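As structure tokens, the structure follows; a few thoughts come after it.
Just so it is clear, the structure is predicted and the values come from calculations on it, not from any experiment.
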Amino acid sequence: MTWVRGILALIIALCAVVVTGCAGFPTGGPPEYGLENGNTGNGSQNVAFIPNRPQPGATPQQIVEGFIDAGSGPGVLGNWAVAQEFLAPSLRGTWNPDAQVIVDERAERDYVETGEGLVDFASEVVGSVDDKGAYQRADLSPGNWTFRLEQQEDGEWRITEAPDGIWLDEAQFPQVFHRYPVMYFDLSWQFLVPDVRWFPVAKAARSIANALVNEPVSEWLAESVQSAFPDGVSAVTVVPTAEEGVSDVALKGDAMLAASSDARNRMLTQLEESLRAAGVTEVVMTVESAPIDAQPVTVRSTRVPVAPLVLTEAGFGFLTGDEIDKIPGLSAAVEAASPVSVQVGAERDLAAARLASGAVVRLNSAGTEPEVLDTRAGLVDPVIDPSGVVWSVPQDDPSALRAYLPTGDVIEVADAWGEATAIAGMALSRDGTRLAAVVSAGGRTVVSVAGVVREDGVPARIGQPIQLAVAGGAVVGVTRIGVTWIDDVSVGVLTSGADTDSTVIEQVVGAPTAASTAPSGTAAIAGGTGISSLRLRAEDGTLYVKRGTSWQPTATGIVVLATQQGAPQ
């Protein structure tokens, strides 16, 4: 099955550079391919799939095949006009292509005529996108659907009953739909937090605005973020203005006119940062055609320095060439503690560390002795949030998650990781809103993420986790596991076993999974700002950086590869 996917991906790549080609049988068949002008919003060129239209004399099975294939062609208006041609006139007004996207394996599709005008369609589902643009993986679950067709007055078969939504092969999916971050604020109004959605490029801007203003945030994240848009305000249209990159977002609702200046500024910030990926650089908010006075607000950055943060024989700090650029005060505290793991807070005045003894401590740039926080057995590497709170949990008891406040108070964080029986590693997003973990559940190692629920700024509980990827067998069968946030939307996971190769999973929260082989003997992983800044440390102290699709050694003698939680304000 893997080789089939590889061949299909190669065919699509080759076809993307020609205007015609890859045409299938005349009644439907694989779509043709071409290039569109413009940017996808994800940094790549648009690829247009041009599905075949229904042909005279097509059988019911061929009509259904053509209809399924036509899911790859949303058209310039995003209304799937070609797919509509396979439907009877009575169905064209009620079939809803936006209801869902079923992502499947084209090579596994199967069509069977079970009776006159009845066609059963089956495929292996790898994921789906709901009507709000949220992606969910499906673990190759079988899917079955029935189509009913009738002969029309001209004698041609057309579909009269069909499920709402479209089908896309997993290789086509990221070409037809692109991912866009819908931006919300964290509960302190300091950070912008992305909620990844998938929309067709043809109507990306209005889909993003609709998701942000008219639809709720994803359920798993809802208690961890907030929006400046009050109830009663809705987005009507998104219209490009005469000035390139500027769009008019028409809003309605009395609450909009009554909103405070701070609220309007935050609304504008959410819109501009959400629409930026769709090519919009500036937004003008209007109510009944009247512009609303607002200015974007400044938010805290979660970007980290390009230089890796490491502990070597020369000391602790940022590695630039062969030199260590030390952090005043904190480097000395780290060097004195000789930890086996370190995570530095955004202000670089505090760090969470695990010592060789297994104890979790908080280190301070003031030069004080390590503050011993947790001495339970079998602790995983701790994390630190933007408030200096250190999070710690034992490997064999995921529900025993604790948050150690700078005040000295200890919070027993409720509802941590549900039915998980073991946890191998965790990582807190740099905005403090999402906690990713590699946990053992049902005999499998899975990558999960959950929203952090805070009360008065203090961690209270963990929301219902969602599963992102399967990382292998039970945690006990893996000798090394590391997890890190690569950027605001992506989690990186390293798994390595005694008898298995090292693997790196690069997982966008709310997107398909990508995995690659890592250098042998890899022991630690750390994110930077984007996939290209992902770093690995091998057992022998070699530091690797990802360059394209390969891992390149860049330094030796690395004792600890540390992670960073942002940059100082």
Residue pair Ser399, Asp397: steps toward the side-chain hydrogen bond (donor to acceptor under 3.5 Å, both in side chains) verdict: CA-CA 5 Å; Ser399 64; Asp397 192 359; 2.9 Å; yes
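The main-chain N or O of Val452 is found under 3.5 Å from a side-chain atom of Ser224 such that the two form a donor-acceptor pair. Distance alone, capped at 3.5 Å, places no donor-acceptor pair between the Arg137 side chain and the Gly510 backbone. Under a 3.5 Å cut-off, the side chain of Glu335 and the backbone N or O of Phe316 do form a donor-acceptor pair.
Applying side chain to side chain contact (heavy atoms under 4.5 Å, CB included) to Val509 and the options Leu468, Val196, Leu221 leaves one that passes, Leu468.
Atom CG of Asp540 is surrounded by more than 12 heavy atoms from other residues, nucleotides or ligands within 6.0 Å.
Taken to the nearest 0.5 Å, the CD1 atom of Ile324 stands 8.5 Å off from the CG atom of Leu309. Rounded to the nearest 0.5 angstrom, Met426 CE and Trp391 CH2 are separated by 8.0 Å.
The side-chain contact (heavy atoms from CB on, under 4.5 Å) search around Thr484 returns Ile525, Leu534, Thr563, not counting sequence neighbours.
One finds a salt bridge joining Arg454 and Asp385 here, because a Lys/Arg side-chain nitrogen approaches an Asp/Glu carboxylate oxygen to under 4.0 Å. Salt bridge annotation for Glu170-Arg106: absent, with no cationic side-chain nitrogen under 4.0 angstrom from a carboxylate oxygen. Residues Arg300 and Glu347 are paired through a salt bridge, judged by an N-O separation under 4.0 Å between the basic side chain and the carboxylate. Salt-bridge annotation for Arg461 and Glu223: present, with a side-chain N of the basic residue lying under 4.0 Å from a carboxylate O of the acidic one.
Sequence neighbours left out, the pairs with a member in residues 403-415 that pass side-chain hydrogen bond (donor to acceptor under 3.5 Å, both in side chains) are Asp374-Tyr404, Arg402-Tyr404, Arg402-Glu412, Thr407-Asp409. Sorted by first and then second residue, the side-chain hydrogen bond (donor to acceptor under 3.5 Å, both in side chains) pairs with a member in residues 208-218 read Asp195-Ser218, Asn210-Asn214; sequence neighbours excluded.
Between Phe199 and Tyr180, the two ring planes are parallel [angle under 30°; tilted spans 30° to 60°].
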